[in-house]
Asks: 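I am attaching a structure below and will ask some questions about it afterwards.
Order of appearance sets the numbers: ligands from 1, and atoms from 1 within every ligand.
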Amino acid sequence: MNPQLQLQCNEELKMAKASILFTANRPEMILERGEGMYVWDTNGRQYLDFVGGWAVTCLGHSPAVLQEALSLQAATLVNTSPAFYNKPMLQFAKLLTDHSCYDKVFFASSGAEANESAVKLARKYGALKLGGAYEIVTTTNSFHGRTLAMMSATGKARWELLFAPKVPGFRHVPFNDLAAILDVVNSNTCAIMLELIQGEGGVHEADIEYVRQLRRFCDERGILLIFDEIQTGLGRTGKLFAYEHYGVEADIMTLAKGIGGGFPLSAMLTKTEFDLFEAGDQGGTYSGQPLAMAAGYAVVSEIIQSDLSTQAQEMGDYLLGKLQESASRHGLLHIRGKGLLLAFDLPFSKGAELVAACLQEGLLVNAPGPSTIRLMPALTVTTEEIDEMLSILFKVLSRMQ
Ligand SMILES: *Cc1c(COP(=O)(O)O)cnc(C)c1O
């Protein structure tokens with residue numbers, strides 16, 4: 001490596017550590033550029049990216065459609081405030097409602113905000129229709145975001161005591177356990193919220209029967225069902241939305257991550273009968289911001305027009321097959337997932353070491369747990385890129401065993 005570059009990079013790393021508030025253990029490199037499935041650091045080192053910004057860069061890095069939409073909209077109208085309609089907002093809302101079972105959209109910037117909106121809407125419903133019911137049932141091992149309320153909604157053991165006092169009104173029950181839900185639902189309950197595939201929890205799928213029975217139960221009790229499709233939405237699992245695998249429609253669905261292809265954007269979708277907010281109940285300075293709307297419209301149009309859901313299914317099947325073929329040789333356990341949201345367990349608790357070793361070999365992968373590896377590349381990934389990833393992964397695994 002060029003020693004001049006190396007020196008400059010070390011200087012920049014020192015600056016980063018001095019000025020960026022610590023919240024995460026980051027590797028010793030600074031990312032500078034991305035294209036397709038690859039990113040480059042300031043030393044010019046190339047990395048094959050199977051993290052995709054946590055299932056966000058669904059069209060790969062800096063896709064042409066996003067560049068064009070952003071530059072055109074930047075030159076036309078960047079910001080208006082949510083007090084006004086704008087053209088890309090209408091276009092994008094129509095695209096989402098035309099291609100889902102929902103009629104109405106609220107836009108925000110992050111997944112946590114979309115989920116907060118869902119919780120507010122469910123509580124509004126509880127206040128208006130269920131005599132003030134406000135409790136939301138969520139599942140253990142779930143992930144719903146990092147605002148204070150979403151940390152309370154999230155069923156993560158490590159977060160139980162963090163940033164007390166917790167926001168009240170959330171009950172956690174084991175995932176895929178209908179009886180546990182029947183146990184805690186009472187006259188205070190207004191909704192049940194869950195991920196159809198728990199993403200951060202390590203890629204665990206909800207059973208079809210569980211979800212169908214949940215729907216029936218919610219109908220019987222008159223309470224709302226909320227699907228957090230922030231990670232599973234927009235083609236990731238081989239369908240545009242994961243609910244299509246189940247044939248079950250929730251009353252509210254939240255989207256984020258892939259929806260902006262990397263531009264900060266999220267949405268809460270619902271049906272006309274739940275159009276219950278009054279002016280001022282919900283909002284946000286950037287809700288429906290034109291630049292974000294143009295980005296989302298371009299990204300989601302591309303996913304639909306190029307049928308990237310089917311492509312994700314095909315590439316996911318290819319990758320899943322290759323992992324299964326090599327499972328016994330490398331001790332891979334519980335290979336699982338749908339489309340391009342895949343994970344497997346290692347025979348040892350060395351997820352973080354594996355991630356670090358892959359990085360050294362020019363590959364980005366993610367370990368959501370101490371022995372779990374998750375793969376969530378762009379929906380546009382090719383078989384060649386999958387083969388390249390596997391050859392690095394298997395090389396590193398052989399060395400670690
Ligand atoms: C990432 C994620 C969130 C939180 O989204 P942010 O944009 O980080 O706020 C919520 N739910 C699920 C299922 C997620 O994967």
Asks: Could you state the interatomic distance from CG (L7) to CD (E12), rounded to the nearest 0.5 Å?
Replies: 11.0 Å
Asks: For the pair Y243 and F241, name the ring-plane relationship: parallel under 30°, tilted 30 to 60°, perpendicular over 60°.
Replies: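 Taking F241 first and then Y243, their aromatic rings lie parallel (interplane angle under 30°).
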Asks: Picking from T232, I192, V248, I252, what satisfies side-chain contact (heavy atoms from CB on, under 4.5 Å) with F227?
Replies: V248
Asks: Find the distance between SG (C358) and CG (N366) and round it off to the nearest 0.5 Å.
Replies: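 It is 11.5 Å, given to the nearest 0.5 Å.
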Asks: S71 side chain to E68 main-chain N or O, any donor-acceptor pair under 3.5 Å?
Replies: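 Yes, S71 side chain to E68 backbone: donor-acceptor pair under 3.5 Å.
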Asks: Taking the six-membered ring for Trp and the full ring for Phe, Tyr or His, determine whether the centres of F107 and F92 are under 6.0 Å apart.
Replies: yes
Asks: As a test of reading the model: which residues have a non-hydrogen atom less than 4.0 Å away from ligand 1?
Replies: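 Near ligand 1, by chain and number: S110, G111, A112, N115, F143, H144, G145, E195, D228, I230, Q231, K257.
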